[in-house]
Amino acid sequence: MGAGRLTPPMPSYLLRLECSHCQQAHDARLRQTVCRGCGSALRAVYDLPRLRKDHPEPPWADRAPGLWRYEELLPLEHPTEAVRLGETQSPILTLDPPEGGADLRVLMKDDGVLPTGSFKARGMALAVSRARALGLRSLYVPSAGNAGVALSAYGARAGLRVRVYLPESTPASVGRRCAEFGAEVVSVPGTIADAGRAARAREPPESFDVSTLREPYRWQGKKTMGLELFDQFGPDRRPGAILYPTGGGTGLVGLWSAFEELRSLGWLTGPLPRLFAVQPERCAPVVQALKSGAEEVTPWPQPETVAPGLLVPSPFSSRAILGAVRASGGGGITVPDAEILRAQAELRHRQGVSVCPEGAATWAALPRLLAEGRLGSHETVLLYNTGSGLLYGRE
Ligand SMILES: Cc1ncc(COP(=O)(O)O)c(C=O)c1O
Ligand SMILES: [Zn+2]
């Protein structure tokens, strides 16, 4: 290699951004938020036929584990763009099956090991990398908690200003963690929907909104959940069902777009996992819409739950979320708060596994899905744990 030669560009196959609803094309080399035509979320479109031709098999086997290894299917133009905090590959644990489900194979993907202790690192790593590359200096986000902490950390790493709008009910430890990373924290009465309204009313025009699905690249970061799962399982062994604790719903659209891309590439064949949205009984707009057959969610009145990340009464771009779950052949299930707390304690006491309440909701959902006959008795079921058991600290 000649002296002074630049690092080779990232081999991304990104073509453009496209509206997830009306398909209008948007230029990925410019700053984008939502569709200019209809206001829906923008998804990234890759040149999959060319990628398939260049690589009949996934090309990443010899690369370091972690989300950056999927560079062909990520939106970075150059490797130096990546804002890194040590995004390791998260493990898949085998759990003892629950009572009444002795023949189930129960696995848990544990994103609690990611930087800042939650899966939010995946989306924020990509969003902050792209934001910095596009020349943005100041970012803000309304957050139920963990997205704010992750943005604060990645923003600090990238040298960008960050403001986080937290609902008043957010555990105090979350605000402290954001502030420790140098972010400004604004506490807002009400839910994350109120925090979002307050943020948009107050922020200056040069400040950029990194809310779930209002910014195109968090979705791409969440997609690495599905790419990594496929990578860990290999092409022939995969779970029949994935139980996902659903708040804003980005995880579900991320998982599903990973599986769809892998299928288009011919790297994944056969049936795809069914996706189940798990929500708390007193804040379940996605499950409600899945049940009623609606195309969009109806905002949930007076939401409440012990799982702060699931306190999202009206997820943005819910069409995309509902579409992903329906296309997968999965569905929705609710769990009461008391069962979430019991599940969290049971996983700690009986299995030594410490998960956040959101992740515990998936363990609570298992017996309910079994009782309703929605899981086969011998199935492999993967529970997605979105964060560490230490997330909310002790007040
Ligand atoms: C720990 C945790 N789990 C799950 C969620 C919900 O994730 P999603 O927006 O992908 O539905 C959140 C969102 O804040 C969270 O913090
Ligand atoms: Zn549109």
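Hydrogens, waters and symmetry mates are skipped; everything else that's a heavy atom, side chains included, is used. Model, not experiment: these values are computed from the prediction. Every number for a ligand or one of its atoms is a count from 1 in the order of the listing.
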- Query: Among side-chain atoms of R348 and S354, is any donor-acceptor pair under 3.5 angstrom?
  - Reply: yes
- Within a radius of less than 6.0 Å around CZ of R161, do more than 12 heavy atoms belonging to other residues, nucleotides or ligands occur? no
- Query: Counting both backbone and side chain atoms, is some N or O of G248 under 3.5 Å from an N or O of ligand 1?
  - Reply: yes
- Query: Considering distance alone, does some N or O of E358 sit under 3.5 Å from an N or O of ligand 1?
  - Reply: no
- The protein heavy atom nearest to atom 3 (N) of ligand 1 is T386 OG1, 2.7 Å
- Query: Quick one: do the S314 and W300 side chains pair a donor with an acceptor below 3.5 Å?
  - Reply: no
- R202 versus Y165, side-chain donor and acceptor atoms under 3.5 Å: yes
- Examine C356 against ligand 1 and note whether any of their N/O atoms are separated by less than 3.5 Å. no
- Message: Please list, in number order, the atoms of ligand 1 under 4.0 Å from a heavy atom of G251.
- Response: 10 (O)
- Query: Heavy-atom contact under 4.0 Å between A147 and ligand 1?
  - Reply: no
- Task: Answer yes if the side chains of E71 and Y13 hold a donor-acceptor pair under 3.5 Å, and no otherwise.
- Result: no
- Query: Counting heavy atoms not belonging to E295, are there more than 12 under 6.0 Å from its CD?
  - Reply: no
- E358 side-chain N/O to A360 backbone N/O, donor-acceptor pair under 3.5 Å: no
- Query: Angle at the Zn ion (ligand 2) between SG of C19 and SG of C35, to 10°?
  - Reply: 110°
- Message: Between ligand 1 and Y244, is the shortest N or O to N or O distance under 3.5 Å?
- Response: yes
- Provide the number and element of each atom of ligand 1 under 4.0 Å from a heavy atom of K222. 10 (O)
- Task: Say whether P245 and ligand 1 are in contact under the criterion: heavy-atom distance to a ligand atom below 4.0 Å.
- Result: yes
- Message: More than 12 heavy atoms of other residues, nucleotides or ligands under 6.0 Å from CZ of R326: yes or no?
- Response: yes
- Return a yes/no value for T246: is any of its N or O atoms, backbone included, closer than 3.5 angstrom to an N or O of ligand 1? no
- Item | Closest protein heavy atom (residue, atom, distance) for atom 8 (P) of ligand 1 | G249 N, 3.3 Å
- Among all protein heavy atoms, pick out the one at the shortest distance from atom 13 (C) of ligand 1; state its residue, atom name and that distance to 0.1 Å. K120 NZ, 2.8 Å
- Item | Side-chain donor-acceptor pair present, R263, T269, cut-off under 3.5 Å | no
- Query: Is atom CD of E372 surrounded by more than 12 heavy atoms (other residues, nucleotides or ligands) closer than 6.0 Å?
  - Reply: yes
- Compute the shortest N/O to N/O distance between N146 and ligand 1 and return yes if it is under 3.5 Å, no if not. yes
- Query: Looking only at protein heavy atoms, which one is nearest to atom 15 (C) of ligand 1, and how far off is it?
  - Reply: F119 CE2, 3.5 Å
